[in-house]
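Every number for a ligand or one of its atoms is a count from 1 in the order of the listing.
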Amino acid sequence: MKDLTYIDLKECILSDNDGIADQIRELSVKKRFFLWNIMSSPGAGKTTFIIEIISRLKDQFRFGVIEGDVESTVDSLKMQNLGIPTVQLRTGGGCHLDAAMVMKALESLPLDELDIVIVENIGNLVCPAEFDLGADLPSMILSVPEGDDKAIKYPLMFSVCKALIVSKTDSLGIFDFDFEALRINTGKLNDSLQIFPLSAKSGEGMEEFCSWLKQEIESKKYQ
Ligand SMILES: Nc1nc2c(ncn2[C@@H]2O[C@H](COP(=O)(O)OP(=O)(O)O)[C@@H](O)[C@H]2O)c(=O)[nH]1
Ligand SMILES: [Mg+2]
């Protein structure tokens, strides 16, 4: 082992990332916007939920969106159709967004005209959790059809989030989702995690979530 050069690339990548995440935090204070990172597996309902949030709160806040995808502009076109300033980040295979990518996207948004920037992260319950994006609200969506055991299988994601949105509650009659089991499993990882069962389709739970979100946004300190 003598003279062996050992470089922990993962550690280097994550420490570079954390430095840029800090710059994003400073930028968001200076430019006075709230940064919201939404993570989930593919199909959990991120885009549907974001559209519902924007349609409910667009008279109170000015939104911008950063869409992360491996390929395509499918989701960003939906945001553009709502008249929302949007940047599409294409990773071309990468399974997460990092802080440098988000910084690049922020540089293309009219930040002086925005109150909230939502990041729709790449659909994946693993890698996105490792990368701090400098968000005020790191959050995740777990849909009822995915099952209540995901905190056991993907613990880091549940550990780094401040809010857990349990989506598609309109399908609870079909799936055997156990909220008590979810609460027990997430409680072992993150006792400050706020859990919001809701359905972007039926509207159930959306109002409660919007009230909580407004409090989070209004509690951000801009000096
Ligand atoms: N039943 C039901 N379906 C939903 C709900 N939210 C999203 N979906 C559906 O789930 C699928 C994936 O939604 P999408 O928003 O594209 O998920 P994303 O890949 O996480 O952005 C679509 O067919 C949506 O219509 C919901 O609250 N209830
Ligand atoms: Mg989507």
Side-chain angles (χ1 to χ4, degrees), residues 35-58 63-98 101-102 105 109 116-129 131 133 135 137-148 150-151 153-154 157-158 160-179 182 194-213:
L35 187 63
W36 182 11
N37 178 20
I38 303 182
M39 300 175 277
S40 84
S41 59
K46 296 180 292 304
T47 308
T48 310
F49 173 70
I50 292 168
I51 290 171
E52 187 59 24
I53 287 286
I54 291 175
S55 70
R56 285 171 182 258
L57 298 177
K58 66 177 181 308
F63 286 91
V65 172
I66 298 171
E67 285 290 345
D69 279 292
V70 171
E71 291 293 349
S72 95
T73 51
V74 174
D75 289 349
S76 51
L77 292 176
K78 289 181 188 166
M79 300 301 158
Q80 266 198 334
N81 285 340
L82 296 175
I84 301 299
T86 305
V87 176
Q88 176 74 52
L89 287 171
R90 169 192 178 267
T91 65
C95 57
H96 61 270
L97 295 181
D98 65 28
M101 298 175 197
V102 171
L109 282 171
I116 305 173
V117 176
I118 300 178
V119 178
E120 180 175 348
N121 216 310
I122 311 275
N124 182 338
L125 281 182
V126 186
C127 319
F131 289 82
L133 302 184
L137 178 54
S139 66
M140 65 171 294
I141 300 181
L142 174 70
S143 62
V144 164
E146 289 170 82
D148 53 59
K150 294 300 169 288
K153 295 185 172 186
Y154 306 97
M157 177 63 76
F158 291 79
V160 299
C161 285
K162 191 167 177 186
L164 163 60
I165 293 132
V166 182
S167 67
K168 309 191 188 182
T169 53
D170 55 291
S171 69
L172 276 168
I174 308 168
F175 298 96
D176 56 353
F177 193 96
D178 181 345
F179 274 96
L182 177 77
Q194 303 273 328
I195 302 179
F196 298 93
L198 57 82
S199 165
K201 290 269 177 181
S202 72
E204 180 195 21
M206 284 299 303
E207 218 170 286
E208 292 84 341
F209 181 79
C210 287
S211 307
W212 180 81
L213 177 65

**Request:** Please determine, by modelled atom types, if Asp170 and Ser202 share a side-chain donor-acceptor pair under 3.5 angstrom.
**Result:** no
**Message:** Can you confirm whether the side chains of Glu146 and Ser41 place a donor and an acceptor under 3.5 Å from each other?
**Reply:**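 Result is yes, a qualifying pair exists.
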**Item:** For Glu120, atoms of ligand 1 separated by under 4.0 Å from a heavy atom
**Value:** 21 (O)
**Asked** Taking only heavy atoms of Ala200, which atoms of ligand 1 are found under 4.0 Å from at least one of them?
**Response** 27 (O)
Using distance alone, determine whether [X] and ligand 1 share an N or O pair under 3.5 Å.
X: Ser167; value: no
X: Phe49; value: no
X: Asp75; value: no

**Message:** Strictly less than 4.0 Å: does any protein heavy-atom distance to atom 18 (P) of ligand 1 fall in that range?
**Reply:** yes
**Message:** Any protein heavy atom at under 4.0 Å, with atom 22 (C) of ligand 1 as the reference point?
**Reply:**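 When distances to the protein are checked, atom 22 (C) of ligand 1 has no heavy atom within 4.0 Å.
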**Message:** In this structure, is the centre-to-centre distance between the rings of Phe49 and Phe196 below 6.0 Å?
**Reply:** no
**Asked** Just by modelled atom types, is the Ala44 backbone N or O under 3.5 Å from a matching donor or acceptor in the Ser167 side chain?
**Response**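 The answer is yes, because a donor-acceptor pair under 3.5 Å joins these two groups.
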**Message:** Tell me if the CG atom of Asn81 is crowded by more than 12 foreign heavy atoms within 6.0 Å.
**Reply:**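 Yes.
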**Message:** Tell me whether ligand 1 is touched by Gly43 - counting only heavy atoms on the residue side and a distance under 4.0 Å.
**Reply:**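 In this structure, Gly43 qualifies as a contact of ligand 1 - some heavy atom is under 4.0 Å.
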**Prompt:** Ala44: heavy atom below 4.0 Å from ligand 1, yes or no?
**Reply:** yes
**Prompt:** Please walk me through it: do Ile84 and Lys58 pass side-chain contact (heavy atoms from CB on, under 4.5 Å)?
**Reply:** CA-CA 10 Å; Ile84 301 299; Lys58 66 177 181 308; 5.7 Å; no
**Message:** How close do Ala200 and Thr48 get, counting heavy atoms only, and between which atoms?
**Reply:**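 Shortest heavy-atom contact: CB-CG2, 4.0 Å.
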**Message:** Nearest 0.5 angstrom please: Lys150 NZ to Ser143 OG, how far?
**Reply:** 9.0 Å
**Message:** Return the closest protein heavy atom for atom 14 (P) of ligand 1 as residue, atom name and distance.
**Reply:**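 I find the closest protein heavy atom is Thr48 OG1, 3.6 Å.
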**Message:** Considering non-hydrogen atoms of the protein only, which is the closest contact for atom 8 (N) of ligand 1, and what is the distance?
**Reply:** Lys168 CE, 3.7 Å
**Asked** Can you tell me if an N/O/S atom from Thr48 lies under 2.8 Å from the Mg ion (ligand 2)?
**Response** no
**the Mg ion (ligand 2): angle it makes with OD2 (Asp75) and OE2 (Glu120), nearest 10 degrees** =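 OD2 of Asp75 and OE2 of Glu120 make an angle of 100° at the Mg ion (ligand 2), to the nearest 10°.
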